[in-house]
Amino acid sequence: MVTEVDISPREAEVLRLVGAHLSNAEIAARLVISVRTVESHVSSLLRKLGVPDRRALAQRAPEPAGAALSRSAAVLPAPLTSFVGRVGERAELAEMIKAHRQLTAVGPGGVGKTRLALEVAAEVAGEYFDGVWFADLVPVTDPGMIATAVAGALGLGEQPGRDMTDSVVAALADRHALLVLDNCEQVVNGVALLLERLLATCPRVTVLVTSRARLMVPFERVYEVPPLSLSGDGESDAVALFMERAAAVGRPLDPPLRDQIAAICERLEGMALAIELAAARYPALGLDGITAALSHPLRMLTGGSRADQRHRSVRAALDWSHALLEPADRALLRRVSVFVAPFTAAAAAEVAGSEEGLVADGLARLAEQSLLVVTASPGGTEYRALETIRQYGTERLAEAGELVDARSRHLRWCLAKAAGLAVVRADWRARFDLVADDLRAALAWAADRPELRTDARDLAQHLAELTFTRHLTGESQRRYEQAAALATDPAADASMLRQAAAVAGCRTIGDDMYRLRRAAAEAARSSGDGAGAAADLATAAIIAFRFSTTFVRLPPREEVLALMTEARELAGDDPAAQAAVALAEAAVLTDAFGAAQGPPGNAVPETIARAEHAVELARRTGDPLAESAALDALTGAQSWAGDTFATAATARRRITFLSSLPISPAGTHELIDALGMVTEACLGAGDVSGARRWARRLADHPSLAEVGHRATCRLLMVDALAGNVDEVLTGSVRFLDAWRRADRPARSLLRPAVAAVAMIHGLRDDHDARREWQQVLDQLGTSTGHTYGYGAVFDAILLLHRGQAPEALERLTLEPRQVWKWVTWIWHHWYVALRTEAAVLAGSPDARDRLAKARTIVVGNPVATALVERAGALLGGDQEALLATTDAFDAAGCRYQSARTMVLAGGDHAERGAAALADLGFAPIALVRHPR
């Protein structure tokens with residue numbers, strides 16, 4: 001329940017979506033606001049609701065329930081107990097943080113590193129304009145997951161095409177913030193590598209690390225956290241802590257007992273955890289009982305050289321607490337130590353190999369002894385062991401000879417949980433997030449045990465599939481590759497590598513797609529599957545051309561030709577292999593996809609023939625994904641031929657059967673690509689409403705939530721041509737925010753969208769905004785497409801709006817056949833129609849000839865036809881025909897062109913047109929005199 005807290009309606013919306021386990025970028029996409037705005041709302045909610053992290057925040061969301069940083073936002077866990085003492089340490093550590101960009105607070109487990117770090121971080125939060133952020137690395141055992149944990153703390157999701165380190169660095173690049181990384185000792189080398197990159201790239205970020213071991217890097221400043229102060233007169237931080245915690249459990253201590261308490265604290269060497277555990281026992285044992293327990297040899301350290309001197313007092317306290325437990329509770333404590341994330345009684349029963357009722361009672365007793373932390377969640381009561389206690393339990397598990405058995409049961413539990421998550425329900429995200437760290441930990445353990453190789457491979461595959469569904473595509477690809485490495489059957493190895501390649505496609509990493517498909521070919525060849533190897537080799541060749549713009553290093557053409565030749569030799573009479581080879585030939589030999597390394601001209605008849613042949617062979621295989629890829633080639637071939645309507649029809653055909661396929665990496669990759677193609681093809685055919693429908697679906701695709709620039713680029717283009725100003729302005733916020741967070745990638749895919757937004761600002765006479773977007777366009781780089789295709793169209797619309805018809809005609813001076821490859825895709829009809837209008841308004845002597853030719857070219861395109869007919873009406877002085885085009889524009893969804901027509905009609909119509917333009921958000925049109 002969220003009551004009696006002053007939260008705004010927008011914060012309530014954000015809270016609801018946090019409760020649905022959406023990332024900040026996904027929330028931004030859903031609410032059509034920037035990620036920075038979402039992060040600000042999340043920070044505000046954390047403060048207002050007094051919760052430590054997003055998981056706790058999600059639990060405060062209303063039912064049903066399924067990172068730019070705000071100023072001075074201290075996003076830190078909320079301690080459940082008061083902080084006692086350490087005045088000198090707090091001041092010293094705070095001064096060191098201000099003086100040094102990376103500080104490591106080191107000390108043994110239980111000394112109080114985390115509490116001291118949290119207290120100091122809260123105190124200095126006001127010094128950091130963009131806030132203080134906390135990441136607990138306790139669940140992290142794989143150095144490759146460190147950046148993922150930090151990104152989760154910042155509220156960042158995964159962005160296809162970038163690893164998590166890049167996302168974290170991009171998010172903090174221009175921030176003045178303090179980042180606290182807690183419990184780093186098990187991944188100290190990985191943390192050092194991350195911080196070296198982070199500190200070099202983010203000059204205003206400071207990092208405070210807590211760890212049992214130093215990072216051992218040159219830029220590190222170390223602060224050794226001492227035990228709590230001890231003094232002979234009983235006035236010490238250690239005594240104060242004991243008395244405060246004893247009072248908290250209902251047994252306040254009289255001041256005369258301070259000397260006896262001081263003696264106990266001295267025996268515990270001022271270790272905070274040991275003192276807290278001892279104080280928790282005071283109601284049951286009293287001070288005499290505690291003293292006696294600490295004096296007993298069995299309560300003291302027994303491990304000899306297995307633990308160094310720094311751990312002795314914590315181990316003594318834990319040994320003492322452990323010895324006071326009943327044997328069944330000791331066994332339970334050590335067995336549940338295999339969990340790295342909060343767990344339920346049911347989960348503990350499975351791993352402990354006991355009845356749930358008995359286990360629930362045991363967990364309650366362990367919680368009463370302060371050995372487990374209890375929290376309530378929507379899924380029921382959860383338990384968690386503090387990291388020091390969990391590590392202690394693991395040691396006891398090994399000493400009892402139960403480690404392999406317990407971890408094996410945990411592995412089986414994880415496999416069952418992973419299999420159960422295969423069915424995606426409304427609460428799927430919350431259920432996955434609850435067990436994800438345990439799945440990863442179980443896999444890390446099993447992967448190193450040869451006798452568990454099969455189980456490890458199965459869990460790696462499950463985790464690959466689950467993380468893909470969770471849109472953690474970077475991890476998904478790694479897990480598929482891990483599953484391939486664990487496979488004992490080369491055929492299974494090949495299958496996993498193909499899946500990994502498909503995920504790489506979703507991440508738009510062409511180099512990985514190519515590498516993984518070639519690796520799959522080798523695995524298939526090893527298994528004796530020559531046809532499978534042929535299909536993989538051909539697919540690698542296709543990738544090099546079809547997705548050429550996603551490569552960092554394009555394979556040489558000769559290398560690709562060699563792959564295709566080898567694939568042809570291995571294909572035999574296998575239908576799938578033959579279909580793949582045919583598509584490779586269409587891609588490489590005739591450049592059906594218009595690749596970056598393709599020839600400047602296309603032999604159109606041959607391109608179409610090869611593409612049609614590839615479609616026919618793919619159709620015979622019965623594989624919709626193979627047919628989709630072949631239809632993509634046919635779409636390109638028809639486009640190069642200038643067959644606008646056939647292009648759109650083929651693109652729609654591709655969408656039809658892809659939309660009904662179950663979610664998979666390959667299917668998702670094809671669908672995202674197909675949505676982009678059908679949007680552009682429909683726009684080229686004048687189906688603006690259809691184009692907007694597909695573009696909206698693409699913008700809302702969950703796999704693109706973290707890459708809003710890729711998600712919205714087509715929608716911005718469509719809305720700009722339709723004249724939907726508000727939609728462009730709103731969508732451009734998401735685009736620009738995501739593009740900047742992604743380190744401003746110079747992708748050619750993004751250029752038309754940026755040019756479209758710049759045009760809209762020009763039509764609004766917002767010169768500053770247009771200049772900003774022109775600068776973005778400059779950063780993306782110029783291209784032939786901008787010069788002769790989309791850039792010419794958008795520039796012409798703006799020039800005509802400003803009454804600069806001669807300049808518009810100059811911008812479109814080249815005949816379409818001279819620039820055919822850059823205008824025949826979606827710009828051909830737009831180019832021809834606008835060129836005709838510019839010729840008429842500029843008084844060009846060949847305007848009538850151009851008009852006649854244009855009518856023939858654009859027939860069947862409602863928008864282009866209306867533009868051409870409007871030009872004809874202006875040339876002939878036919879006002880009735882001129883006004884008739886307003887209905888055509890309205891029916892096509894082009895509100896700007898409808899209003900422009902009324903202005904061009906003059907008189908009362910012009911007033912209504914000017915009012916319509918103003919309502920849309922456009923500046924007045926500057927008229928030119930056109931010949932009658």
Side-chain angles (χ1 to χ4, degrees), residues 17 22-39 68 156-162 167 170 471 473 506-508 549-550 668-669 671-683 688-761 769-770 772-777 779-780 790 794 826 893 921:
L17 296 175
L22 270 65
S23 70
N24 286 352
E26 289 172 314
I27 295 171
R30 186 75 60 87
L31 300 181
V32 199
I33 56 180
S34 75
V35 176
R36 289 197 175 205
T37 301
V38 175
E39 291 167 339
L156 301 173
E158 185 163 343
Q159 299 185 8
R162 316 172 56 194
S167 295
H471 310 307
T473 50
C506 295
R507 301 175 68 209
T508 64
T549 59
T550 68
T668 298
H669 184 210
L671 181 58
I672 289 173
D673 181 74
L675 286 171
M677 294 301 100
V678 75
T679 295
E680 296 186 359
C682 286
L683 192 61
V688 176
S689 298
R692 192 173 197 282
R693 182 172 67 254
W694 300 122
R696 180 77 267 169
R697 184 173 166 187
L698 182 63
D700 292 339
H701 198 286
S703 293
L704 299 180
E706 301 291 345
V707 282
H709 49 300
R710 283 180 51 205
T712 59
C713 60
R714 266 76 172 222
L715 185 58
L716 286 170
M717 193 166 56
V718 175
D719 277 330
L721 289 172
N724 300 329
V725 174
D726 289 343
E727 288 83 349
V728 171
L729 297 182
T730 301
S732 66
V733 171
R734 181 184 174 195
F735 177 100
L736 196 57
D737 180 63
W739 179 71
R740 286 170 173 165
R741 290 167 62 87
D743 286 338
R744 298 170 169 82
R747 293 287 177 85
S748 58
L749 170 72
L750 307 177
R751 293 170 185 157
V754 175
V757 177
M759 178 196 73
I760 287 295
H761 286 303
R770 176 170 169 77
E772 178 186 8
W773 282 87
Q774 284 293 149
Q775 290 171 352
V776 173
L777 193 59
Q779 292 180 57
L780 292 176
Y790 64 86
F794 291 133
I826 67 171

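Computed from heavy atoms alone, side chains included, the values below leave out hydrogens, waters and symmetry copies.
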Q | Close side-chain approach of Glu706 to Ser167, heavy-atom, < 4.5 Å | A | no

Q. How far apart are the C-alpha atoms of Ile672 and Leu698, what are their side-chain angles, what is the distance that settles it, and do they pass the side chain to side chain contact (heavy atoms under 4.5 Å, CB included) test?
A. CA-CA 7 Å; Ile672 289 173; Leu698 182 63; 4.0 Å; yes

Q) Are any non-hydrogen side-chain atoms of Val38 and Leu31 less than 4.5 angstrom apart? A) no

(Q) For the CG atom of Leu716 and the CZ atom of Arg734, what is their distance to the nearest 0.5 Å? (A) 9.5 Å

Q | Gap separating the SG atom of Cys682 from the CZ atom of Arg714, nearest 0.5 angstrom | A | 12.5 Å

Q: Among Ile760, Val754, Val757, Leu721, find the one that has a side chain to side chain contact (heavy atoms under 4.5 Å, CB included) with Phe794.
A: Leu721

Q. Which heavy atom in Val718 sits nearest to a heavy atom in Ala691, and how many Å separate them?
A. CG2-CB, 4.0 Å

Q.
With side chain to side chain contact (heavy atoms under 4.5 Å, CB included) as the criterion, how do Arg747 and Thr549 come out once you've worked through the C-alpha distance, each side chain's angles and the decisive distance to 0.1 Å?
A. CA-CA 8 Å; Arg747 293 287 177 85; Thr549 59; 6.0 Å; no

Q | Minimal non-hydrogen separation, Arg770 against Ala758, with atom names | A | NH1-O, 2.9 Å

Q.
Taking Arg507's backbone N and O only, do any of them form a donor-acceptor pair with Thr473's side chain (distance below 3.5 Å, no angle check)?
A. no

Q | Evaluation steps, side chain to side chain contact (heavy atoms under 4.5 Å, CB included), between Val776 and Arg744 | A | CA-CA 9 Å; Val776 173; Arg744 298 170 169 82; over 6 Å; no

**Q.** Atom pair OG1/CZ of Thr679 and Arg693 - distance to nearest 0.5 Å
**A.** 9.5 Å

**Q.** Which atom of Arg710 lies closest to which atom of Cys506, heavy atoms considered
**A.** NH1-O, 3.7 Å

**Q.** Val728 vs His761 side-chain heavy atoms within contact, under 4.5 Å
**A.** no

Q) Is it true that a side-chain atom of Ser732 and a backbone atom of Leu729 form a donor plus acceptor pair closer than 3.5 Å? A) yes

Q: State, to 0.1 Å, how close Ala720 and Ala756 come at their nearest heavy-atom pair, and which atoms those are.
A: CB-CB, 3.6 Å

Q. Are Glu772 and Leu736 close enough, and set up right, to give a side chain to side chain contact (heavy atoms under 4.5 Å, CB included), and what steps lead you there?
A. CA-CA 11 Å; Glu772 178 186 8; Leu736 196 57; 3.5 Å; yes

Q | Least distance between heavy atoms, Pro752 atom then Met717 atom | A | CB-SD, 3.5 Å

Q.
Checking the side chain of Arg751 only, and the main-chain atoms of Leu780 only, is there a donor and an acceptor separated by less than 3.5 Å?
A. yes

**Q.** Spacing of CD belonging to Glu727 relative to OG1 belonging to Thr712, to within rounding of 0.5 Å
**A.** 13.5 Å

Q: Starting at OG1 of Thr508, measure out to CG of Asp673 and round the result to the nearest 0.5 Å.
A: 11.5 Å

Q. Which heavy atom of His709 sits nearest a heavy atom of Leu750, and at what distance?
A. O-CD2, 3.7 Å

Q.
Parallel, tilted or perpendicular, judged at 30° and 60°: which one describes the rings of Trp773 and Phe735?
A. tilted

Q. For the atom pair NE2 (His701) and OG1 (Thr668), what is the distance rounded to the nearest 0.5 Å?
A. 5.0 Å

